[in-house]
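Just so it is clear, the model here is predicted, and its values are computed rather than measured.
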Amino acid sequence: MMSASAPVTVQMPDVSELTMPQPDPLVEALSLFASESSGIAARIRELERSHLERMETAAAELRDQIAAHLQNQHRAEFQSGIQVLREEFEERLRLATAQWEAERQSLLNQARHRDSSKLAQELKQTEATLDALQQKIQAMLDDPAVALSRIMQENARQQHLQAYLKGLKFDV
């Protein structure tokens, strides 16, 4: 309790305190808000930049994957096309080879037939010439007026014709 003898003093505010403006509580809150919003904006910009980098990296990887996939797909299609063309070429080549072989056989048969008739004709002619030569040599031997060298020449000719005839008969 208070004693009755003590004077009661009321403190009066100092004049300087009354004249000095009091800080506005909104200014401090506004300052704090501005500081926080700047920090938030900076973090948003950083997140946007980071997100943009990740998106660009992902897009580049996706482009590379798509390019690689398309290259593989085109390579496979190209190889498939080459294989089809190769098979068509080989089939054409087989057909052309078969046709060529058939024509070749036909021409060979014609040539053999033609050659065999020519060969037969040549055989007959050579045999006839050889027979005529033998008769001529026999006649020359019977004639004493014919020189021996002439008979020897005709005899050498006869041996050549006989060898030629053997060669013709060997070819048959």
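Within 6.0 Å of atom CD in Glu28, 12 or fewer heavy atoms from other residues, nucleotides or ligands are found, so the atom counts as exposed in its surroundings.
Rounded to the nearest 0.5 Å, atoms CG (Leu30) and OG (Ser37) are 9.0 Å apart. Within the model, atoms CD1 of Ile137 and CD of Gln153 stand 11.0 Å from one another, a figure rounded to the nearest 0.5 Å. Between the CG atom of Asp131 and the CD atom of Gln158 there is a distance of 9.5 Å, given to the nearest 0.5 Å. Put simply, CH2 on Trp100 and CD on Gln105 are 9.0 Å apart, with the number rounded to the nearest 0.5 Å. Glu103 contributes atom CD, which lies 10.5 Å from atom CD of Glu101 (distance to the nearest 0.5 angstrom). Note that the NE2 atom of His160 and the CG atom of Asn155 stand 11.5 Å from one another [nearest 0.5 Å].
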Pairs under 3.5 angstrom only: tabulate donor-acceptor contacts from the side chains of residues 39-52 to other protein residues two or more places apart or in another chain.
unit_1	atom_1	unit_2	atom_2	d
Arg43	NE	Gly39	O	3.3
Glu46	OE1	Arg49	NE	3.4
Glu46	OE1	Arg49	NH2	3.2
Glu46	OE2	Arg49	NH2	2.3
Arg49	NH1	Glu53	OE1	3.3
Arg49	NH1	Glu53	OE2	2.4

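With sequence neighbours left out, the side-chain contact (heavy atoms from CB on, under 4.5 Å) criterion links Gln125 to Glu122, Thr129. For Ile66, the side-chain contact (heavy atoms from CB on, under 4.5 Å) criterion is met by Leu62, Leu70, not counting sequence neighbours. Listed by chain and number, the residues in a salt bridge (Lys or Arg N to Asp or Glu O under 4.0 Å) with Glu56 amount to none (sequence neighbours excluded).
Remark: side-chain polar atoms of Ser38 are paired, donor with acceptor, to backbone N or O of Ala34 under 3.5 angstrom. A donor-acceptor pair under 3.5 Å is absent between the side-chain atoms of Thr126 and the main chain of Leu123, judged by distance alone.
Under the 4.0 Å criterion applied to side-chain N and carboxylate O atoms, Arg94 and Glu91 are assigned as salt-bridge partners.
Looking at every heavy atom in both residues, Met140 comes nearest to Val146 through CE-CG1, 3.4 Å. Taking every heavy atom of both residues into account, Leu161 and Leu133 meet most closely at CD1-CD2, 3.8 Å.
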Evaluate the side-chain contact (heavy atoms from CB on, under 4.5 Å) criterion for residues His74 and Gln79: first the C-alpha distance (whole Å), next the side-chain angles of each, then the deciding distance (0.1 Å), finally the verdict.
-> CA-CA 8 Å; His74 289 301; Gln79 292 298 329; over 6 Å; no
Leu107 and Arg104: side-chain contact (heavy atoms from CB on, under 4.5 Å), yes or no, with the steps?
-> CA-CA 5 Å; Leu107 290 173; Arg104 181 178 168 273; 5.9 Å; no
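The side chain to side chain donor-acceptor pair (under 3.5 Å) contacts involving residues 139-150 comprise Arg150-Glu154, where partners must be two or more places apart or lie in separate chains.
With a 4.5 Å cut-off between side-chain heavy atoms of Ile, Leu, Val, Met, Phe, Trp and Tyr, the cluster of Met152 takes in Leu148.
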